[in-house]
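Right, one structure below, let's go through it.
Just so it is clear: chains get the letters A, B, ... in the order the sequence lines come, proteins before strands, and each one is counted from 1.
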There are 2 protein chains.
Amino acid sequence: MTTHTPRARLVHNIRVLRRADEVIGAAARVFAERGYHGTTTQAIADVLGMRQASLYYYFPSKEAALEEVCARGTDGFVEAAERVMREDMPPLKKLELLIASHLAQFETMPDYVRVFINERRYLPDASRKRVGRKSRRIERMIEEVIQAGIDSGSIRPGADAHLAMLAVLGMCNAVINWREVDRGRDTRRIAAIFAQLVANGLARNGSPPKHRGQPKSEPMP
Amino acid sequence: MTTHTPRARLVHNIRVLRRADEVIGAAARVFAERGYHGTTTQAIADVLGMRQASLYYYFPSKEAALEEVCARGTDGFVEAAERVMREDMPPLKKLELLIASHLAQFETMPDYVRVFINERRYLPDASRKRVGRKSRRIERMIEEVIQAGIDSGSIRPGADAHLAMLAVLGMCNAVINWREVDRGRDTRRIAAIFAQLVANGLARNGSPPKHRGQPKSEPMP
DNA sequence: ACGAATATAGAATCTAGATTCGATGTGTCT
DNA sequence: AGACACATCGAATCTAGATTCTATATTCGT
């Protein structure tokens, strides 16, 4: 630690953190693109215009960098989801918002999320469990909402909340690996369509008729 | 080629192919487990109880092995899907069968499929395109069926066939990465549930009502 | 301007892992 | 039995990539 004045220490720490962020960000970017094992520390350094050995000033090992990236990748998710959970609204609406906030993360921190989704399995046991705990929290939230829907009658009674949750997550997480062209279609629109699909399906009789004044008007521009 | 008697040649060739299959199978297994870049040729050899250098008798490079695995991973898909497409039935029913046959592949050749889904991106451009062509065929088939549903009126007119196709595929392909516990639930059941979800959604009024009433009474939370 | 801590460079190390090559074993046909 | 093609081994090569260490440059508070 610095032995300087408190303010000095603070200023320094901020700078340090900022640079550290850049480094982790660069790692995230390369991990996302080439996969963890396909990434060389050299490639990360290149992104930063830095000597490869200097990276080790910021993280103790490539593996540690991966864990950090994964951790940040989940944090956003969890916070966003928890915010939604605190709201008071019908389960299906909540589910819609959960999907939207989940997909929103893909726009906010695409690299981190992609690494979390595709590469977390390469973490050593200990950290994988740590990260897994967080991702299970998201799963549980979605499942809870679905179950609440079943209990309150808005969701078909026979539904399997767990499988449905996995289906929804699978569908959403796939987006991060879509080709640019497809992901390009604005995330909000995708979220809306997904929510609609999950709620009412594709079948024609699945959606309520328009004259019923349902706030379920066609997708939108 | 052998200069021996035809029958001898045949017998030999069969044995060769069989062994080659084992080798590619072993590669598939390890690729699936550790990812392409995380896989060492040593690990593949271990599975076979063979010296690592001997592998090169069966494939010219690790990359070639990946391509072979990916190729086999798609072949199954395409064939199964094409068989379904040839049948004559309403689009939604076809979609259901497409989902089922897709998931069935996950049971038949899980390793190959997993590698195809997770690792094809590491193929060199040329082979990635080759493999991509096949996977796009599957995409097109699904999209076609959905479009047919829209045209024939069984699927909601506003639906976006392309996005819906991506959603369905994302949902299905996620299954291959589920934890054992979750994938354990018999594939047929999962397929049925997915089909139901895609067709009618989770909402209670989503399933074909017995009579024409669509009481979408908002559940009071 | 000075000194303490920080940030980066440079060179060196050390290992694992892909690929090559020649030798050897093994079964099969004539 | 002898020849031949196939299958595997063993050793060697060759390189890339992670990590370590030491030296230098930079920055900031005083």
Side-chain angles (χ1 to χ4, degrees), chain A residues 1-27 30-31 33-69 119 122-124, chain B residues 1-27 30-31 33-69 119 122-124:
Chain A
M1 299 288 155
T2 324
T3 57
H4 283 307
T5 206
R7 199 189 117 69
R9 219 181 302 160
L10 181 65
V11 169
H12 243 126
N13 284 346
I14 287 176
R15 207 198 312 286
V16 173
L17 288 184
R18 199 164 279 160
R19 187 58 167 158
D21 275 357
E22 286 171 8
V23 172
I24 290 296
V30 185
F31 286 159
E33 208 164 278
R34 311 196 189 180
Y36 173 65
H37 289 297
T39 293
T40 73
T41 54
Q42 182 60 58
I44 301 177
D46 287 346
V47 169
L48 295 157
M50 180 188 238
R51 295 297 150 182
Q52 166 245 9
S54 305
L55 290 175
Y56 285 78
Y57 182 75
Y58 292 98
F59 51 70
S61 74
K62 202 179 138 188
E63 219 167 49
L66 176 61
E67 177 168 2
E68 180 62 21
V69 172
E119 317 292 332
Y122 300 122
L123 283 171
Chain B
M1 292 292 147
T2 324
T3 56
H4 284 304
T5 210
R7 200 189 117 70
R9 218 183 300 160
L10 181 66
V11 169
H12 244 128
N13 284 347
I14 287 176
R15 211 199 309 288
V16 173
L17 289 184
R18 199 165 278 160
R19 187 55 168 163
D21 275 357
E22 286 172 7
V23 171
I24 291 295
V30 186
F31 286 158
E33 209 164 277
R34 312 197 188 180
Y36 173 66
H37 288 297
T39 293
T40 72
T41 53
Q42 182 59 60
I44 301 176
D46 286 347
V47 169
L48 295 158
M50 180 188 238
R51 296 297 151 184
Q52 167 246 8
S54 307
L55 291 176
Y56 286 79
Y57 181 74
Y58 293 99
F59 50 71
S61 74
K62 202 180 139 187
E63 219 166 51
L66 177 61
E67 178 170 2
E68 178 62 20
V69 172
E119 318 293 333
Y122 300 122
L123 283 172

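In this entry the distance linking CD of A:Glu63 with C1' of D:dT19 reads 13 Å, nearest Å. C:dT8 atom C1' lies 14 Å from atom CD of A:Gln42, rounded to whole Å. Across the protein-nucleic acid pair, B:His37 atom NE2 and C:dG17 atom P stand 14 Å apart, rounded to whole Å. Across the protein-nucleic acid pair, B:Tyr56 atom OH and C:dG22 atom P stand 18 Å apart, rounded to whole Å. When rounded to the nearest whole Å, the span between NZ of A:Lys62 and P of D:dA18 equals 5 Å. If you take CZ of B:Phe31 and P of C:dA18, they are 9 Å apart, rounded to a whole angstrom. Between the CZ atom of A:Arg51 and the P atom of D:dA18 there is a distance of 16 Å, given to the nearest Å. Distance A:Leu55 CG to C:dT8 P: 10 Å, rounded to the nearest Å.
A close approach under 4.0 Å does not occur between any side-chain nitrogen or oxygen of B:Tyr57 and OP1 or OP2 of D:dT8. For B:Thr41, a side-chain nitrogen or oxygen approaches OP1 or OP2 of C:dA18 to under 4.0 Å.
With hydrogens and angles left out, the side chain of A:Ser54 and the base of C:dA9 share a donor-acceptor pair within 3.5 Å.
Nearest heavy atoms, A:Glu68 versus A:Ile24: CG-CD1, 3.7 Å.
Proximity note for A:Ala53 (side chain, C-beta onward) versus C:dT20, D:dT8, C:dG10: the nearest is C:dG10. Distance from the side chain of A:Arg19 is smallest for C:dT8 among the nucleotides C:dT8, C:dG10, D:dA7. Relative to the side chain of B:Tyr58, the nucleotides C:dG10, D:dT8, C:dT8 differ in distance, and D:dT8 lies closest.
Between A:Glu22 and A:Met50, the closest side-chain pair of non-hydrogen atoms is not below 4.5 Å. Proximity of A:Lys62 to A:Tyr36: side-chain heavy atoms (C-beta onward) are separated by under 4.5 Å at one or more points.
Tested against A:Val30 for a side-chain contact (heavy atoms from CB on, under 4.5 Å), the candidates A:Asp46, A:Thr39, A:Val69 yield a single pass: A:Thr39.
Taking CZ from A:Arg51 and CD from A:Gln42, the interatomic distance works out to 8.5 Å, rounded to the nearest 0.5 Å.
If A:Tyr36 and B:Gly49 are placed on DNA chain D by their nearest nucleotide, the residue sitting closer to the 5' end is B:Gly49.
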